Amino acid sequence: MARNAGPGLAEAVAVAVGEGPGQGAGQGTRAPGLACAAAVLAGVTACLFLPVLPSAPLLWLAALAGFGGWAWPWRGRILGALALGFGWAGLHAAWGLAAQLPAALEDSDVRVEGQVVGLPAHEARRTRFLFRVDDQARPELRGRLLQLSWYDDFEAKEPGPRLRLQAGARWNMYVHLRAPRGLSNPGGFDAGRHALAQGIAATGYLRAPQLAREVAPADGIDAWRGAMAARIDAAVASPAARFVRALALGDTRGLGDPDWAALRAVGLTHLIAISGFHVGLVAGFGAWLAMGAWWLLPGLARRLPRSQAAALAAVAAALGYAAVAGFALPTVRTVLMIAVVALARLVRRPLGRWEGLALALLAILLVAPLSVLQAGFWLSFAGVAWLVWCLPPEGGRNWLREFLQAQGVATLGLLPLGAVLFQQASLAGPLANLLAIPWWSLVVVPLCLLGTLLEALWQGGGGWAWRLAAACFDPSWRLFEAMAGSRFALWWLPEARAWAVLPALAGAFWLLLPRGAPGKPLAVLLWLPLLWPDRELPRPGGLELHVFDVGQGLAVLVRTANHALLYDAGPAVRDGYDAGERAVLPALRALGVDRLHRVVVSHGDNDHAGGWPAVREAVAVDLALAPEGSAVEVEEPCLRGVGWRWDGVDFRFLHPPRHFPYLRNEASCVLRVESPHGAGLLPGDIGEVIERRLLRQPADLRAEVVVLPHHGSATSSGPGFVAPPGARLALVAAGHGNRFGHPHAGVVRRWRHHGAEVLATPRSGAIRVWLDADGLAVRERRAWRRRLWDRPVPPPGGPGE
């Protein structure tokens, strides 16, 4: 999280264009320009977060009318700016969605030829990389950007030829493609939004990797970055080499999950890779070099004034550093900001801080309106805006006090955005940033860059600077790791409604008013909807089931008024995707669940038990149960007849009986949850044999809500089993387009024939069900928070069902 990126960025941009910290703050500020920039931003945001994209003619009409509106009087100009932002963002979104994989190529194998973009990430059993398809390819893929994975064979003992994949190389390969589409869970990563913002047309993996062949060696800036990363690894023996690569080249491939967890806990993720903050520092350094040269050689001013030379040098330095970072979007945003302000200096136009911020904002929104979909955009501009508004217009002599004030303003002002974007707040962040910003940015990063510069001039020249950077970094990292280990370092926040950020920002504005402002303690009340949102917990006697969207697997959260039970934890792939870490844990945190009173792992198959180790490591669990003989690490077995009561709700296992052999699916723990207002049935992966055994006690199967056995497989939900529950709602947990064909069309028809509405996670996303005094209520997350980048999915059982 870049909660504190603003202070350094604001000052660096000001210095980069030859403007002192206090210059221009109170002059040249033009309300119409700032208002127009804000109106364009409002239009862009309003369009991109619509549930459905308006038609192309309407978007063109809005964009053209808005563009013409710049010639209107002041109030009309604001409306024109709003329309321009709306139409222009909608057109970019339409073009981006149109460039994505067409339905005809969904789940298809195609041969592609193109270039590896960026630095491939080599992992234990796979390599992830971006691939730009050549213009000579089939029209549907021509020039498109693909996100691909190259896996080793299952029986492979060591990495295969995928390690030959290098940045900038050209390859010919067979790939299996899908349109960008992710899971939909509370607190989860939105893959569709990320793909649209990054311009990714499809995701996929290599088919027949043995047929992949390199057609041209590595070339270009990405190849240079890859070679430089290898030289850093060779020159720096310390484990800190991975951080030197990140700070010198923006190469974060070496950072593992523990590293990122520690960085998040202390709020330092914005400093560990090349970001707008570092680009601003480099631009400022370039400007200072130019001013020093003009001071030493005054005759140069006859050809070009010193301030203009500094502006050009700042842009050149920022552009060069962005190239070293592979033109990552955060760096490109900062380059645009610096270029706009530098251009104003070149044309000798007086430019105040607010006006400069407005022009930079307009430039980015017009060049890349989809940047609004990224968290870094909001944090960067909000941080600069808070500082411009709060800090004094004239720089003082007490630099330490100003630095502390800047950190305080950024921490308080950006806390609402951090909470709504990441559902977390780092309590150790302010202190960690006070230490890391000056030490890393003024000592470690310059040494990393010096080493890269020297190494670019002659091979072997930069090793000493990289080693010194690692030696300076190591002690601080040990300190921050210790801080991250404190249970007070990171505060996970429940998911709040999007509108809650507005009163929280108003509260921050109120708190940052001058000392004499009245009623400041009351401003804290405006933070309550964001920091303590309504979790919609069931009342005593009520019951909630939350079926998470974990792909081809199962994870269900069952909650009563004061207790929580997790039934299964989704799939996990060794050295790959782990639903427990990527889907279940974020969902639990977003729902405000910090303790699980029971965990039931229905059986030992990976699609149910794979995510359990990640959940067990991160969340306090009172008691875990699984079938005896399943090899799942739990405290007790689940046995028929064992039950308990929470908050007026009864839990009871219906299967397996004592001494039942472990038969994988057939040994699944079958759990019935009964409240005074209805019951839910969780049957795991049982098949028709166990279903017939359960029919001996048909009253035990009565339930308003049933999670379909074995993901809706054709070998489950037999004709005799479907009728006794009398279910009103049948829920399917399965992966989109899974190779098993779950749920089976005949099974879906059978449940519908007996009066149940069938919902499936591929179409609905996470499914939340309440059973309480108000009756049965259901919420499908994709429909509830629909976004224009969500791709339509047919209902379970097929479009005609």
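Position 1 is the first residue of the sequence, and the numbers go up from there. Here the structure is a predicted model, which is why all the values come from computation and not from measurement. The analysis underlying the following values was restricted to heavy atoms, covering all of them including side chains, and did not include hydrogens, waters or symmetry mates.
Residue pairs meeting the disulfide bond (SG atoms under 2.5 Å apart) criterion with at least one partner in residues 615-692, sequence neighbours excluded, are C638-C669. Applying the side chain to side chain donor-acceptor pair (under 3.5 Å) test to residues at least two apart or on different chains, the pairs with a partner in residues 656-671 are H603-N665, H603-S668, D605-R664.
Partner of D700 under the side-chain hydrogen bond (donor to acceptor under 3.5 Å, both in side chains) criterion, out of H655, R652, R672: R652 alone.
R640 forms no cation-pi arrangement with F653, by the criterion of a distance under 6.0 Å to the ring centre and an angle within 45° of the ring axis. Judged by the 6.0 Å distance and 45° axis criteria, R598 is positioned over the aromatic ring of W644. A cation-pi contact, defined as under 6.0 Å to the ring centre and within 45° of the axis, is absent between R497 and W499.
A donor-acceptor contact shorter than 3.5 Å is absent between the side chain of E704 and the backbone of L776.
The pair R539-D774 meets the salt-bridge criterion, since a charged nitrogen lies less than 4.0 angstrom from a carboxylate oxygen. Checked for salt-bridge contact, E536 and R779 meet the test: a charged N lies under 4.0 Å from a carboxylate O. Salt-bridge annotation for D190 and R787: absent, with no side-chain N of the basic residue lying under 4.0 Å from a carboxylate O of the acidic one. Using a 4.0 Å cut-off between charged side-chain N and carboxylate O, R768 and E495 make no salt bridge.
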Practice task
Begin from the C-alpha positions of L654 and L701 and carry the test side-chain contact (heavy atoms from CB on, under 4.5 Å) through to its verdict.
Solution key: CA-CA 9 Å; L654 306 182; L701 300 179; 4.2 Å; yes
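Taking both residues in full, the closest heavy atoms of A733 and T761 are given as CA-OG1, 3.7 Å, listed atom of the first, atom of the second, then distance.
Counting only N and O atoms by type, the side chains of D607 and H711 include a donor and acceptor under 3.5 Å apart.
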